[in-house]
> 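The structure's right below; bear with me while I get my questions together.
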Amino acid sequence: MHISTELRKRWAEANRVLVLTGAGVSAESGVPTFRGGGNTTVWKGMRFDVISSAEMIERDLPAVWEWFDYRRGFMADIKPNAAHEEIARWQDRFAEFTLVTQNIDGLHQKAGSRDVIELHGNIWRARCTVCRFFHNDSSDGKRPCACLECGNHLRPDVVLFGEMLPAGAFEFAAERASRCELCFVIGTSGLVYPAAGIPEIARGAGAYVCEVNPELTPLSDICDEVITGKAGEVLPLFSR
Ligand code: BJW
Ligand code: ZN
């Protein structure tokens, strides 16, 4: 677990920094990753890419809610870890700082990060399956049962396999990636597109790209530097 002199210099001098995070950044808070243990996340015998799919919303919305309510249950009490906290400190350190996350747990915001680009939505929000009206949880942490505008069914406001990302979110992230000087790829397996294309855009535009992950990923090869370790242990080394 070592930060090169080159990276320390670039980190000290950079004006425009972009961070892309994935499930690994929340692992040390106790949120299970999707593909840990050999791609094995399963809910009631269904693989997560089956239950977390656009098709399942059509076929069995109550089952989708059961799966998301279960996860909302254990995510309610979790806290940001040292990685979220360090990333939150970075936003005031650079002239332009962009945080792009694939996570839906809201832990970056809990740690104090502002203007987080959530590519895959947020588990604490629902939206109407008909009129698309957004619903945040009520102050007591409960989700509404039906649309408050039109009374139709709600669904989790998350992006499932085969669904489009929120309008403009990827485009904004891609634009920031195309002009950042330093790009961190933290705790993602780099398998899900278009999110996994962001470091490639940054690299193609000449940014220095650094991955932080205990394991190598398909993105490791395009990175200038790979720091092998846990996000909560590696990231605080920057401010120290
Ligand atoms: C640590 C750690 C520690 C552990 N510290 N690290 C191009 C090619 C092929 C396919 C496609 C393509 N473009 C689009 C597609 C289709 C599809 C896709 O990418 N499929 C691939 C899997 C093949 N993409 C989509 O469908 C996307 N939509 C789209 O492109 O729309 C246009 C379109 C429509 C129709 C047809 C075609 C195109 C939408 C993707 C939505 C993803 N949604 C999910 C579920 C959210 C809801 C839910 O939570 O249930 O989002 S899938 C899941 O994967 C979740 C995550 O955000 C996402 C990424 O996972 P992540 O974060 O990388 O986690 P893991 O578990 O994979 O990895 C964890 C990593 O952490 C590991 O590397 C560990 O080593 C590491 N780690 N501890 C640091 N302490
Ligand atoms: Zn509605």
Side-chain angles (χ1 to χ4, degrees), residues 1 20-41 43 46-57 64-65 67-72 75 81-84 86-87 100-106 118-135 144-167 169-170 184-200 211-220 226-236:
M1 217 165 66
L20 172 70
T21 63
V25 89
S26 296
E28 290 157 83
S29 292
V31 184
T33 60
F34 293 90
R35 297 171 185 81
N39 210 356
T40 49
T41 299
W43 167 250
M46 255 178 292
R47 278 174 44 157
F48 87 90
D49 51 349
V50 174
I51 182 89
S52 280
S53 68
E55 200 196 333
M56 206 61 191
I57 294 271
V64 174
W65 268 121
W67 155 238
F68 277 89
D69 281 343
Y70 161 73
R71 290 162 71 203
R72 283 165 56 98
M75 280 187 196
N81 63 53
H84 298 104
E86 178 69 12
I87 293 168
V100 185
T101 190
Q102 299 168 82
N103 299 345
I104 59 172
D105 55 30
E118 292 180 314
L119 292 180
H120 296 162
N122 190 299
I123 197 166
W124 308 112
R125 217 170 38 228
R127 71 169 194 264
C128 179
T129 50
V130 177
C131 76
R132 299 182 65 87
F133 191 78
F134 293 106
H135 297 69
C145 295
C147 179
L148 300 172
E149 285 288 301
C150 74
N152 275 300
H153 292 302
L154 296 177
R155 55 159 290 173
D157 187 27
V158 299
V159 183
L160 305 173
F161 278 113
E163 294 187 323
M164 304 301 285
L165 273 57
F170 177 75
F184 286 90
V185 191
I186 306 170
T188 177
S189 58
L191 292 170
V192 175
Y193 279 81
I198 288 171
E200 293 166 355
E211 177 173 64
V212 178
N213 198 311
E215 289 173 22
L216 293 178
T217 75
L219 293 174
S220 306
V226 175
I227 305 179
T228 306
K230 294 182 175 179
E233 293 172 7
V234 172
L235 295 184

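Counting convention: from 1, in listed order, for ligands and their atoms alike.
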> How far does NE2 of His153 sit from CH2 of Trp65, to the nearest 0.5 angstrom?
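One finds 12.0 Å between NE2 of His153 and CH2 of Trp65.
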> Going by the order shown, which atoms of ligand 1 are within less than 4.0 Å of some heavy atom of Lys230?
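Result: 5 (N), 80 (N).
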> For atom 43 (N) of ligand 1, what's the nearest protein heavy-atom neighbour? Residue, atom name and distance, please.
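For atom 43 (N) of ligand 1, the nearest protein heavy atom is Val159 O, 2.9 Å.
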> Need the ligand 1 atom indices (1-based, order shown) with element for anything under 4.0 Å from a heavy-atom of Ala231.
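Once the distances to Ala231 are compared, the set is 3 (C), 5 (N), 79 (C).
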> Just by distance, no angles: are the side chains of Ser29 and Asn81 close enough, under 3.5 Å, to form a donor-acceptor pair?
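Yes, because at least one side-chain N or O of Ser29 sits under 3.5 Å from a partner of the opposite role on Asn81.
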> Would you confirm whether any non-hydrogen atom of the protein falls under 4.0 Å from atom 9 (C) of ligand 1?
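No; the ligand atom in question lacks any protein heavy-atom contact below 4.0 Å.
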> Looking at CD of Glu118 and OG1 of Thr21, how far apart are the two atoms once the value is rounded to the nearest 0.5 Å?
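Glu118 CD to Thr21 OG1: 9.5 Å, rounded to 0.5 Å.
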> Tell me which protein heavy atom sits closest to atom 7 (C) of ligand 1, plus the residue, atom name and distance to 0.1 Å.
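Going by distance alone, atom 7 (C) of ligand 1 is nearest to Tyr193 CB, 3.8 Å.
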> If I take atom CD from residue Glu233 and atom CD from residue Glu86, how far apart are they, to the nearest 0.5 angstrom?
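It comes to 13.5 Å.
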> Calculate, to the nearest 0.5 Å, the distance between atoms CG and CZ belonging to Asn103 and Phe34 respectively.
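Output value for this atom pair is 7.5 Å.
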> In the protein, what heavy atom is nearest to atom 21 (C) of ligand 1, and what distance, to one decimal place, separates them?
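For atom 21 (C) of ligand 1, the nearest protein heavy atom is Leu191 O, 3.6 Å.
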> Apply side-chain contact (heavy atoms from CB on, under 4.5 Å) to Gln102 and Leu20, showing your working.
CA-CA 8 Å; Gln102 299 168 82; Leu20 172 70; 4.3 Å; yes
> Angle between ring planes, Phe133 versus His135, binned at 30° and 60°: parallel, tilted or perpendicular?
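Aromatic pair Phe133/His135 classed perpendicular.
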> Under 4.5 Å between any side-chain heavy atoms of Trp124 and Met75, yes or no?
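Yes. Closest side-chain heavy atoms under 4.5 Å.
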> Who's closest to atom 26 (O) of ligand 1 heavy-atom-wise, of Gly24, Ser29, Gly162?
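Going through Gly24, Ser29, Gly162 one by one, Gly162 has the nearest heavy atom to atom 26 (O) of ligand 1.
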> What do you think, any protein heavy atom under 4.0 angstrom from atom 70 (C) of ligand 1?
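So far as the 4.0 Å threshold goes, atom 70 (C) of ligand 1 is in reach of a protein heavy atom.
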> Mind checking whether Arg71 has a heavy atom under 4.0 Å from ligand 1?
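It does, in that a heavy atom of Arg71 comes within the 4.0 Å cut-off of ligand 1.
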> Under 4.0 Å and counting heavy atoms only, is there anything from the protein next to atom 39 (C) of ligand 1?
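Given the 4.0 Å limit, the answer for atom 39 (C) of ligand 1 is yes, a protein heavy atom qualifies.
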> Which pair of heavy atoms, one from Val212 and one from Gly229, lies closest together, and at what distance?
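Result for this residue pair: CG1-O, 4.0 Å.
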> How far is atom 63 (O) of ligand 1 from the closest protein heavy atom, and which atom is that?
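I find the closest protein heavy atom is Thr188 OG1, 2.6 Å.
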> What residue and atom, counting heavy atoms only, is the protein's closest point to atom 59 (C) of ligand 1, and at what distance?
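I find the closest protein heavy atom is Gln102 OE1, 3.2 Å.
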> Going by heavy-atom distance to atom 30 (O) of ligand 1, choose the closest among Pro156, Pro194, Ala196, Gly197.
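Heavy atom nearest to atom 30 (O) of ligand 1 belongs to Pro194.
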> Where do Gly232 and Ala82 come nearest, in terms of heavy atoms and distance?
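So the two residues come closest at O-CB, 3.6 Å.
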> Which residue holds the protein heavy atom closest to atom 58 (C) of ligand 1, what is that atom called, and what is the gap in Å?
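Scanning the protein heavy atoms, the shortest distance from atom 58 (C) of ligand 1 goes to Val192 CG2, 3.8 Å.
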> Taking atom CG of Asn213 and atom CD1 of Ile186, what is their separation to the nearest 0.5 Å?
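The CG atom of Asn213 sits 10.0 Å away from the CD1 atom of Ile186.
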> Does any non-hydrogen side-chain atom of Leu154 lie less than 4.5 Å from one of Pro144?
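Sidechains of Leu154 and Pro144: in contact.
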> For Glu55, is the CD atom crowded, meaning more than 12 foreign heavy atoms sit under 6.0 Å from it?
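Atom CD in Glu55 is not crowded, with 12 or fewer foreign heavy atoms closer than 6.0 Å.
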> Tell me which one of Phe161, Phe34, Phe170 gets a heavy atom nearest to atom 52 (S) of ligand 1.
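Selected option, by shortest heavy-atom distance: Phe161.
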> Are Ile123 and Pro156 packed together at the side-chain level, in the sense that at least one heavy-atom pair is separated by less than 4.5 angstrom?
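They are not in side-chain contact.
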> Rounded at 0.5 Å granularity, tell me how far CD in Glu149 sits from SG in Cys128.
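It is 9.0 Å, given to the nearest 0.5 Å.
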> With 2.8 Å as the threshold, which protein atoms of type N, O or S lie near the Zn ion (ligand 2)? Leave waters out.
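Protein N/O/S atoms under 2.8 Å of the Zn ion (ligand 2): Cys128 SG, Cys131 SG, Cys147 SG, Cys150 SG.
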> Do protein heavy atoms approach atom 12 (C) of ligand 1 to less than 4.0 Å?
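Yes, there is a protein heavy atom closer to it than 4.0 Å.
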> Just going by heavy-atom distances, which of Pro214, Ser26, Gly121, Ala27 is nearest to atom 1 (C) of ligand 1?
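The nearest heavy atom belongs to Pro214.
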> How far is atom 54 (O) of ligand 1 from its nearest protein heavy atom, and which residue and atom is that?
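Looking only at protein heavy atoms, the one closest to atom 54 (O) of ligand 1 is Arg35 NH1, 3.1 Å.
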> From atom 51 (O) of ligand 1, work out which of Met164, Glu211, Met56, His120 has a heavy atom at the shortest distance.
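Selected option, by shortest heavy-atom distance: His120.
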> Just which atoms of ligand 1 are under 4.0 Å from any heavy atom in Ser52?
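Numbered from 1, ligand 1 contributes 48 (C), 50 (O).
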> Against heavy atoms of Glu28, which atoms of ligand 1 measure under 4.0 Å?
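By the 4.0 Å cutoff, the relevant atoms are 3 (C), 5 (N), 80 (N).
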> Answer whether the closest heavy-atom distance between the side chains of Val100 and Phe170 falls below 4.5 Å.
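In short, these two side chains do not touch, never coming nearer than 4.5 Å.
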> Identify, by atom number and element, the atoms of ligand 1 in contact range of Gly22, meaning under 4.0 Å from any of its heavy atoms.
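By the 4.0 Å cutoff, the relevant atoms are 62 (O).
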> Does the side chain of Val185 come within less than 4.5 Å of Thr217's, by heavy atoms?
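The answer is no, as the side chains (C-beta and beyond) never meet within the 4.5 Å cut-off.
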> Are Glu215 and Arg35 within salt-bridge range, i.e. N to O under 4.0 Å?
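Result for this pair is no, no salt bridge flagged.
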> Check ligand 1 against Glu163 and write out every atom of the ligand that is under 4.0 Å from a heavy-atom position of the residue.
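Within the 4.0 Å cut-off of Glu163, ligand 1 contributes 27 (C), 28 (N), 29 (C), 31 (O), 39 (C).
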> Arg155 versus Leu160: any side-chain heavy-atom pair under 4.5 Å?
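Yes - at least one pair of side-chain heavy atoms lies under 4.5 Å apart.
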> Got an N/O contact under 3.5 Å between Ala23 and ligand 1?
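Yes, Ala23 has an N/O under 3.5 Å of an N/O on ligand 1.
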> Looking at ligand 1, does any of its N/O atoms fall within less than 3.5 Å of an N/O of Gly187?
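Yes, Gly187 has an N/O under 3.5 Å of an N/O on ligand 1.
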> Ignoring hydrogens, just give me the one of Leu165, Asn213, Thr33, Asn103 whose non-hydrogen atom is nearest atom 72 (C) of ligand 1.
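It is Asn213 that holds the nearest heavy atom.
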